[in-house]
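The block underneath contains the structure these notes are about, expressed in C-alpha cells.
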Amino acid sequence: MLTYYLELAWRRCRQNLWMVALLVLTMAIGIASCMTALTIFGALSGQPLPGISAHLYVATMDARAAVDKDGDAYSPASLLNLRDAKALVDAHKAAGQVALTKSLARVATLDGTHAASQVLGLMAYGPVLSVLGVPLRYGRPWTPAEQAARAPVVVIGSQLAEKLFGTADAVGKSVAMGKRDFRVIGVTASWKPRTAFLNLAMQSGSALGQPMQYFIPVGAALDGGVEPFTSGRCEGGPVITFQSVNVARCRWMEAWFALPSAAAVTRFDRYLTAYAQAQHAAGRFVYPPQARLYGTRAWMALHHVVPNDVRLNVILAGGFLLLCMVNVAGLLAARFLKRQGDVAIRRALGASKRQVFAQHLIEAGMLGLAGGLLALPLTLLGLWIVRMQPVGYAPAAQFGVGVFLVLLVLSLVVGLLVGMLPAWRVCRQPPALQIKVA
C-alpha cells in the first residue's frame, strides 16, 4: 500500500509542477534557515568534552586579600592564587582534581633548528590528563613525585612532536621552553574542547575551544620561566609586564574537580564552603568568600560562551520556519481540496477515511523530503556566508553527516506536520456532497 501511495503522490505532483515547485521552495528556504542557525547553536551549546565535562565543576570564591573600590561588586570568580589552588587539589576530596591555567610559550629543539613559535598549552597542578580526558598516544603523564620535585618534564601534542622531531613519538627527547630544557615524557593525541570553558574570566574572541599543544607541571614551568598566558587578577593593581605573574600577589589559576554524582557535589560543596570560611576567618580573604561550585554548562552560561545573537538567530529562524509552514499548509489545503471529487469517488468505492488521510499525508511527507533535498545546498550556502563573517564563532559553521541526517529528519517532520490539517480536512468531507448523479 505504501508503494502505491508513493506512486500516486508522484503522479499527482507531476500534474501541477509550478505549484509543487512553490511548495518545495518555500519549505526548503525555511528548513535551510533553521538548519543554519541550529548547526551553529549546536556546535556552541553542547558539552565541550563529551562524556567528561558533564561531571566537571569549577570552584569559585571571593579570594581577594585586600580591600578595593569594587568590594561590593563581587561576581562569581574562579581565579585563585597558587596557594589556594594547591590546597584544594591536595585535599583530594573529589574523584579527580586539577588546578590549571593557560600558557603561551615558544617550544624548540635543543639545537634550535626546529621551533614552534608561541603555542598554547596548560600549566597544571595535579593529574590534568586524566581529569580532562586527554588521550595519550605515547609515554605517560608526570607522577606526583615529579610534580613535588618540580622536575623539568613536559607532555606535548603529537602535532608539535612531528613539527619539532619529524615523528609523533618524541618520548625521551628534550625541548627548550622558557629558560631551561624540559624532557618529553608523553605525547598526546590531538585534543581540544569543542567550546571554550577553561579560564573564561580571561577569555576573549572565539567561543570555540583551542587545541592544547603541551601540558606542563606548574612548579617546573615557573622555575623554567614558562609563564601563564595572563597575569590574572593581582592585588594592588595589575602586573604590567605581558605574560608574567607575581605568584604571591596574583590570582591566576582555576581549580576543576570531577564529581560524578549529586552526593559527591554536595559533599565537595560543603568542604569548599568550609575552606573558604576558614581563610576568611584567618584574615586572608577580606570579604565574605561566597564559595560556590559551578558545573561546566552553568559556568559557560554565566560567561555567555554562546553569544546572545546566536540564540536570537535560532528564535528568528524558528519563527521563519513556522511562517513557511503556515504558507505551505495553506497551499496544500488548496491543492488537496481541488481533489474532493476524486476523494468522494474513492470513499464511495470503499476507501476509509484512514486510507485517504494516509494517502495525502504521504504526499505531504514526500514534498517535505524534496524540500529537504533542496535545502541542502541552501544550508551549505548559509553556513559559508556565516564563515565569511567577522565573528568569533564563524568556524563553528561546518556541515557534517550529523547535520545532514538532522536536515532530512526535519524536512520529513515539517512535511508531515504541514500536511496533517489539509489531509484531515479533505478526508472528512461527506462523499455524498461531491458525487453527482448523471
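This chain uses plain numbering: 1 for the first residue, then up along the sequence.
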Asp169 side chain to Thr167 side chain, donor-acceptor N/O pair below 3.5 angstrom:
no
Intermediate values then yes/no, side-chain contact (heavy atoms from CB on, under 4.5 Å), Trp256 and Leu198:
CA-CA 9 Å; Trp256 285 85; Leu198 302 174; 3.6 Å; yes
Does [X] reach the main-chain N or O of [Y] with its side chain, forming a donor-acceptor pair under 3.5 Å?
X	Y	answer
Glu254	Asn199	yes
His280	Tyr287	yes
Asn313	Asp309	yes
Ser103	Glu227	yes
Thr101	Pro228	no
Gln147	Tyr125	no
Asp181	Ser174	no

So which atom in [X] and which in [Y] form the shortest heavy-atom distance, rounded to 0.1 Å?
X	Y	answer
Gly371	Ala28	O-CB, 3.3 Å
Ile216	Val153	CG1-O, 3.8 Å
Pro193	Gln210	CD-O, 3.7 Å
Ala276	Phe285	O-CD1, 3.8 Å
Gln97	Pro127	O-CD, 3.2 Å
Ala291	Thr273	CB-CA, 4.0 Å

From [X] [atom1] over to [Y] [atom2], what is the distance, rounded to the nearest 0.5 angstrom?
X	Y	atom1	atom2	result
Arg387	Ile40	CZ	CD1	9.5 Å
Leu38	Leu321	CG	CG	9.0 Å
Asn327	Leu22	CG	CG	9.0 Å
Asp84	Met61	CG	CE	6.5 Å
Leu82	Trp252	CG	CH2	5.0 Å
Leu79	Arg64	CG	CZ	12.5 Å

Tell me, do [X] and [Y] make a side-chain contact under 4.5 Å, heavy atoms counted?
X	Y	answer
Val175	Tyr214	no
Pro217	Glu146	no
Tyr138	Val184	no
Thr39	Val386	no
Gln277	Pro289	yes
Val226	Val154	no
Val187	Val171	yes
Met212	Val128	no

Parallel, tilted or perpendicular, as decided by the 30° and 60° cut-offs, for the rings of Tyr294 and Trp299:
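Tilted.
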Check step by step if side-chain contact (heavy atoms from CB on, under 4.5 Å) holds for Met123 and Leu222.
CA-CA 9 Å; Met123 299 169 55; Leu222 294 175; 4.0 Å; yes
Ring centroid separation for Phe257 and Phe268, is it under 6.0 angstrom?
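When the ring centroids of Phe257 and Phe268 are compared, they turn out to be within the sub-6.0 Å range.
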Please say whether more than 12 non-hydrogen atoms of neighbouring residues, nucleotides or ligands are located less than 6.0 Å from CZ in Arg292.
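It does not: Arg292 CZ has 12 such atoms or fewer within range.
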Are Val107 and Leu160 close enough, and set up right, to give a side-chain contact (heavy atoms from CB on, under 4.5 Å), and what steps lead you there?
CA-CA 9 Å; Val107 185; Leu160 180 58; 4.2 Å; yes
Before giving the answer on side-chain contact (heavy atoms from CB on, under 4.5 Å), spell out for Leu259 and Leu293 the whole-Å C-alpha distance, their side-chain angles and the decisive distance to 0.1 Å.
CA-CA 11 Å; Leu259 303 169; Leu293 282 173; 3.8 Å; yes
